[in-house]
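Down below is the structure, laid out as structure tokens.
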Amino acid sequence: MKKLLTLACATMLTPVLAHGAFQLDSRYQDNDGDLIADIPSDESKLVDPSTLVFAYTPVEDPAVYKEVWSEFLDHLSETTGKNVQFFPVQSNAAQIEAMRAGRLHIAGFNTGSNPLAVACAGFRPFTMMAAADGSFGYEMEIISYPGSGVNDVEDIRGGELAFTSQTSNSGFKAPSAILKADYNMIAGEDFEPVFSGKHDNSILGVANKDYKAAAVANSVLNRMLSRDVVSEDQIVSLFKSQTFPTTGYGIAHNLTPELQEKIQDAFFSFNWEGTALEEEFSKSGEAQFVPITFKNHWEVIRKIDAASGVAYNCR
């Protein structure tokens, strides 16, 4: 376990707990107690850029998702009166750092990196995707492939397990906590952790027999199955968790209040019917944007972080 903690502390934005409580970086204020950064009251600290930069959480092929989001970004441009640029990010850390540095204005942060983005980058999440009936979320699954010799979770002991990245909920934090609590298995002691970087990489790694087992978000797995990137006969599910919130979408805290309101309106007024966004995300059962609050919807994720000894000391 010491090896993993050393690696985590080497990242630019390091999760570190402060007496079990969620805290924002000192550069942000939370006077209303909603656990996200307040919009600055000092007008000199507000920004109103002529071009808005949008980034979706890191994926295996950013070019594909640039096209998926194109109609929504046209709608966003029309609603805000701004130019909008799609920014393909290669890692969660790069995405968070871009918003912290003021180069990213609107983003979808994955479930596990959401708290870090909120604490360290002034991210203000307000929506996520949901099904037509309002239900939402995904599960963490530990997967293997037929004939791997890994037939249940206990078979991982003494072998390897592929994680995605240390900021990922389903790709690292949730499986680490569950394996420790339910199976008395600790990464670096009872099995060797390897990191693929992305859920897509882990899924492809299992399908191609590069990894015997991996912890992934089944929302990504379902989309890849629907696109025939992998097939069902290549994957065996060993474990499925409780349901977690999915990617949270939001804005940088220091955009003007008027611009933040227009951006939110763009999400909630977007017509999914017949769009590339509908075609892609209907594969995981999603059909609309619904309002969320970080304080309520991400409570289970903050609890997982706390149980794992994670907190938020940004540097």
Side-chain angles (χ1 to χ4, degrees), residues 13 22-57 69-87 89 92 94-111 113-130 136 245-272 277 286 288-299 301 312 314:
L13 298 173
F22 181 84
Q23 293 186 344
L24 301 181
D25 185 59
S26 59
R27 65 167 64 184
Y28 309 115
Q29 302 297 315
D30 176 25
N31 293 317
D32 57 6
D34 61 1
L35 301 187
I36 61 174
D38 297 336
I39 301 172
S41 56
D42 182 348
E43 292 188 2
S44 68
K45 295 182 179 179
L46 296 172
V47 296
D48 188 16
S50 58
T51 297
L52 295 171
V53 180
F54 170 88
Y56 179 55
T57 187
W69 284 97
S70 61
E71 291 151 310
F72 172 80
L73 297 185
D74 287 343
H75 175 70
L76 178 62
S77 178
E78 182 178 347
T79 304
T80 61
K82 305 283 188 179
N83 296 319
V84 179
Q85 177 183 346
F86 183 87
F87 175 47
V89 292
N92 296 318
Q95 187 180 21
I96 293 170
E97 182 57 31
M99 182 166 283
R100 182 176 171 88
R103 301 190 304 271
L104 177 61
H105 309 115
I106 310 164
F109 283 100
N110 69 14
T111 303
S113 66
N114 232 275
L116 190 57
V118 168
C120 297
F123 177 56
R124 290 171 55 88
F126 62 85
T127 187
M128 65 180 166
M129 293 181 180
F136 58 82
T246 187
T247 298
Y249 299 87
I251 41 192
H253 81 294
N254 60 342
L255 298 180
T256 64
E258 297 78 13
L259 181 54
Q260 293 199 32
E261 184 174 344
K262 289 179 180 179
I263 293 168
Q264 292 187 38
D265 287 344
F267 275 86
F268 296 129
S269 64
F270 180 67
N271 183 0
W272 286 54
L277 200 71
E286 292 157 324
Q288 62 173 324
F289 290 108
V290 296
I292 57 97
T293 67
F294 175 74
K295 187 173 185 177
N296 293 330
H297 291 83
W298 258 258
E299 182 180 11
I301 308 304
Y312 307 94
C314 314

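Position 1 is the first residue of the sequence, and the numbers go up from there. Since the model is a prediction, treat every value here as computed from it, not as a measurement.
- You'll find the ring centres of F86 and W69 outside the 6.0 Å limit.
- Between P245 and T111, the shortest heavy-atom contact is O-OG1, 2.6 Å.
- Listed here is the closest heavy atom pair of G122 and A37: CA-CB, 4.1 Å.
- Taking the side chain as every heavy atom from C-beta outward, P257 and L46 approach each other to under 4.5 Å.
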task: Begin with the C-alpha distance, continue with both residues' side-chain angles, and end with the deciding distance and a verdict on side-chain contact (heavy atoms from CB on, under 4.5 Å) for V118 and L35.
output: CA-CA 8 Å; V118 168; L35 301 187; 5.8 Å; no
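- Under the 3.5 Å distance criterion, the side-chain polar atoms of Q95 are matched with a main-chain donor or acceptor of G108.
- At distances below 3.5 Å, at least one donor-acceptor pair connects side-chain atoms of H75 with backbone N or O atoms of A266.
- Note that NE2 of H105 and CD1 of I251 are 11.5 Å apart. Values are rounded to the nearest 0.5 Å.
- Here W298 and F123 keep their ring centres 6.0 angstrom or further from each other.
- Under a 3.5 Å cut-off, the side chain of N114 and the backbone N or O of F109 do form a donor-acceptor pair.
- Using modelled atom types, no side-chain atom of S113 and backbone atom of L116 make a donor-acceptor pair closer than 3.5 Å.
- Checked options L259, T256, L255; the residue passing with V47 is L255 (criterion: side-chain contact (heavy atoms from CB on, under 4.5 Å)).
- Atom OG1 in T80 sits 13.0 Å away from atom CD in Q260 (nearest 0.5 Å).
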task: Might you work through the ring-ring contact (aromatic ring centres under 6.0 Å, His included) test for F72 and Y56, ending with a clear yes or no?
output: CA-CA 12 Å; F72 172 80; Y56 179 55; over 10 Å; no
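- Between atom CG of residue L76 and atom CZ of residue F54 there is a gap of 8.0 Å, rounded to the nearest 0.5 Å.
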field: Residues F87, R103; criterion side-chain contact (heavy atoms from CB on, under 4.5 Å); working and verdict
entry: CA-CA 10 Å; F87 175 47; R103 301 190 304 271; 5.9 Å; no
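- When every heavy atom of M99 is checked against every heavy atom of A107, the shortest pair comes out as CE-CB, 4.1 Å.
- Using a 4.5 Å heavy-atom cutoff, the side chains of P115 and I301 are in contact.
- A distance-only check finds no donor-acceptor pair linking the side chain of H253 to the backbone of D38 [under 3.5 Å].
- Between the side chain of T127 and the backbone N or O of V290 there is at least one donor-acceptor pair closer than 3.5 Å.
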query: Taking it one step at a time, do R100 and C314 satisfy side-chain contact (heavy atoms from CB on, under 4.5 Å)?
result: CA-CA 10 Å; R100 182 176 171 88; C314 314; 3.7 Å; yes
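- Annotation: the span from F270 atom CZ to Q288 atom CD amounts to 13.0 Å, rounded to 0.5 Å.
- Side-chain atoms of R124 do not come within 3.5 Å of backbone N or O of I36 as any donor-acceptor pair.
- Between the K262 side chain and the G81 main chain, no donor and acceptor come within less than 3.5 Å of each other.
- If you take CH2 on W272 and CG on L277, they are separated by 4.5 Å, rounding to the nearest 0.5 Å.
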- request: Kindly indicate, with the supporting measurements, whether the criterion side-chain contact (heavy atoms from CB on, under 4.5 Å) is fulfilled by T246 and E286.
  value: CA-CA 10 Å; T246 187; E286 292 157 324; 3.8 Å; yes
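- In this structure, M129 and F289 have side chains that are in contact, with non-hydrogen atoms separated by less than 4.5 Å.
- A distance of 10.0 Å separates CG of L52 from CG of L73, quoted to the nearest 0.5 Å.
- Judged by distance alone, with hydrogens and angles left aside, the side-chain atoms of D30 form a donor-acceptor pair with the main-chain N or O of D34 at under 3.5 Å.
- A tilted orientation is assigned to the rings of F267 and Y249, their planes being inclined by 30° to 60°.
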